Amino acid sequence: MISAQEWIEKLDLSKHPEGGYYKELYRSTEYMKKNHLPARFSGDRCFSTSIYFLLNKDDFSAFHRINQDEIWHFYEGSSLSLHIISQEGYYSRIVLGRDMQAGQVLQAIIPAGCYFGAAPDNNTSYSLIGCTVSPGFEFADLEIPARETLLSLFPGYSVIIKRFTRSESEQ
């Protein structure tokens, strides 16, 4: 199996602010004007974007949310757990991977506005996935709240929030 470092080099991945490594693969050349988008968007957006995304061993994707639906696609390595807190405050977990008998899925959809974080299920391996966002992703759409913010919003999920966030002093 190819190592995480080999994937990082081969795919020319860079550090991502939420954790892990990424590289944008696709950005549509066509755009939707702001006045045709919901009010939560601060400007025009391309139709769609996609990235490679790799979480290595102890890496995690910190709880964050974006203004768009996001589709995660499993490619290689360990299965990966997505931890989701809906806008209504309900927690769910989706496992991306190839073991359909164990309930894993190859793709998962995170609805716009949900907080979510992720990590490989095997902390001695990595997870290589892809993410597709429509309308296209812009960093202006990314919110990575501090641990204290999420704990005040969802105190019943303190264990999972502490696992997938950084405190204000760590940000």
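What you are looking at is a predicted structure, and each value in this text was computed from that prediction instead of being measured.
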Linking directly or through intermediates, with side-chain heavy atoms under 4.5 Å: list the remaining ILVMFWY members grouped with L37, chain and number order. M32, F41, F47
Kindly determine whether L151 and K162 satisfy side chain to side chain contact (heavy atoms under 4.5 Å, CB included), including the steps that lead there. CA-CA 8 Å; L151 287 172; K162 288 176 184 175; 4.2 Å; yes
May I ask you to decide if Y115's main-chain N or O and H64's side chain share a donor-acceptor pair within less than 3.5 Å? no
Between K33 and D44, does any NZ, NE, NH1 or NH2 come within less than 4.0 Å of an OD or OE carboxylate oxygen? yes
For a side chain to side chain contact (heavy atoms under 4.5 Å, CB included) check, start with the C-alpha distance between I85 and I161, then their side-chain angles and the critical distance, and finish with the verdict. CA-CA 10 Å; I85 302 175; I161 288 170; 4.2 Å; yes
Reported CZ-to-CZ distance for the pair F63 and R163, which is rounded to 0.5 angstrom: 10.0 Å
Between W72 and I94, is any pair of side-chain heavy atoms under 4.5 Å apart? no
Which heavy-atom pair separates S127 from S79 by the least distance, and what is that distance? OG-O, 3.5 Å
Let me confirm one number: the CZ-OG distance from F53 to S61, rounded to the nearest 0.5 Å. 4.5 Å
Rounded to the nearest 0.5 Å, how far apart are CD of E138 and OG1 of T49? 8.0 Å
Which pair of non-hydrogen atoms, one from A119 and one from F164, has the smallest distance, and what is that distance? CB-CE2, 3.5 Å
Does one side chain, of S81 or D121, offer a donor that lies under 3.5 Å from an acceptor on the other? yes
Interatomic distance, L54 atom CG to E76 atom CD [nearest 0.5 angstrom]: 10.5 Å
Does R45 use its side chain to pair, donor to acceptor, with the backbone of P135 at less than 3.5 Å? no
First locate atom CG of L142, then atom CD of E18, and finally report the distance between them rounded to the nearest 0.5 Å. 6.5 Å
Lys/Arg N to Asp/Glu carboxylate O, E70 vs R65, below 4.0 Å: no
Are Q5 and S3 close enough that a side-chain donor and a side-chain acceptor fall under 3.5 Å? no
Same cluster (ILVMFWY, side-chain, under 4.5 Å), I110 and I144: yes
Looking only at atom types and distance, does a side-chain atom of Y157 sit under 3.5 Å from a main-chain N or O of Y91, one as donor and one as acceptor? yes
Atom pairs and distances, side-chain donor-acceptor, residues 95-108, under 3.5 Å, sequence neighbours left out:
from	atom 1	to	atom 2	distance (Å)
R98	NH2	Y75	O	2.3
D99	OD1	Q101	N	3.3
D99	OD1	A102	N	3.2
Q104	OE1	R98	N	3.2
Q104	OE1	D99	N	3.0
Q107	NE2	H73	ND1	3.3

Carefully, step by step, assess E24 and I51 under the rule side chain to side chain contact (heavy atoms under 4.5 Å, CB included). CA-CA 4 Å; E24 185 174 89; I51 63 169; 4.1 Å; yes
Side-chain donor/acceptor of T132 to backbone N/O of S50, under 3.5 Å: no
Do V133 and Y26 land in one hydrophobic cluster if side-chain heavy atoms of ILVMFWY residues count as linked below 4.5 Å? no
Check whether L55 and L13 end up in the same hydrophobic cluster, where Ile, Leu, Val, Met, Phe, Trp and Tyr are linked by side-chain heavy atoms less than 4.5 Å apart. no
Go through the steps to decide whether Y21 and D59 satisfy the test side chain to side chain contact (heavy atoms under 4.5 Å, CB included), and finish with yes or no. CA-CA 9 Å; Y21 300 84; D59 286 342; 3.7 Å; yes
Rounded to the nearest 0.5 Å, what separates atom OH in Y22 from atom CD1 in I8? 14.0 Å
Check the orientation of F137 and H16. Use parallel for under 30°, tilted for 30 to 60°, and perpendicular for over 60°. tilted
Is there a donor-acceptor pair closer than 3.5 Å between any side-chain N or O of Q87 and the backbone N or O of A112? yes
So S28 and E30, side chain to side chain donor-acceptor pair (under 3.5 Å) or not? Walk me through it. CA-CA 5 Å; S28 172; E30 295 183 286; 5.0 Å; no
Do F60 and R166 make a side-chain contact, defined as non-hydrogen atoms from C-beta onward lying under 4.5 Å apart? yes
Tell me whether W7 is reachable from M1 by hopping between hydrophobic residues (I, L, V, M, F, W, Y) whose side-chain heavy atoms are closer than 4.5 Å. yes
With hydrophobic residues grouped by side-chain heavy-atom distances under 4.5 Å, do L82 and F74 end up in a single group? yes
